[in-house]
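First up is the structure itself, then whatever we jot down about it.
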Amino acid sequence: EAEMDVSNHIRIHPDFRIWALTNPAVFPFQGNDLSRHMSDVFACHIVPPMDEESHRRILTSYGKGVHKDVIDKLVRVWEDLRIAHQKGSITYIFSVRESVS
């Protein structure tokens, strides 16, 4: 039995982790279904939509000079869009990233 040359191998630390983010593999993104392709080597977790208070904190951190009323309105609009998507009224999934921009 031949021995493998491991001189070029790098030992992986036991606490090594990879965070891979992907859009859902649904319309309109049509991305790769990460969990289907990688669940044998990754522990895949689906992150649910962000709650309103977390969304508010992110918007506030990006828009320090933005009035609270404007941020509250954005959070309400994004919550309405999330609900509309869940009900099937709209097909596009609006993300927190889009509310920040």
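Everything numeric here is computed off the predicted structure, so don't read it as measured data.
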Go through His85 and Thr91 one step at a time and tell me if the side-chain hydrogen bond (donor to acceptor under 3.5 Å, both in side chains) criterion holds. CA-CA 6 Å; His85 178 264; Thr91 56; over 6 Å; no
Pairwise side-chain contact, Trp78 with Met50, heavy-atom cut-off 4.5 Å (strictly under): no
For Arg56 and Asp72, which heavy atoms make the closest approach, and how far apart are they? NE-OD1, 2.7 Å
Just so I know, are the side chains of Ile58 and Val100 near enough to count as touching, which here means a heavy-atom distance under 4.5 Å? yes
Hey, what do you get for CD1 (Ile93) to CD (Glu98), rounding to the nearest 0.5 Å? 10.0 Å
For the atom pair CG (Asp80) and CZ (Arg82), what is the distance rounded to the nearest 0.5 Å? 9.5 Å
Ile90 with Ile83, same ILVMFWY side-chain cluster at under 4.5 Å: no
Side chains of Arg57 and Tyr62: closer than 4.5 Å at any heavy-atom pair? no
What heavy-atom pair brings Val75 and Leu59 nearest, and what distance separates the two atoms? CG2-CD1, 3.9 Å
Regarding Arg76 and Glu79, does a basic nitrogen lie under 4.0 Å from an acidic carboxylate oxygen? no
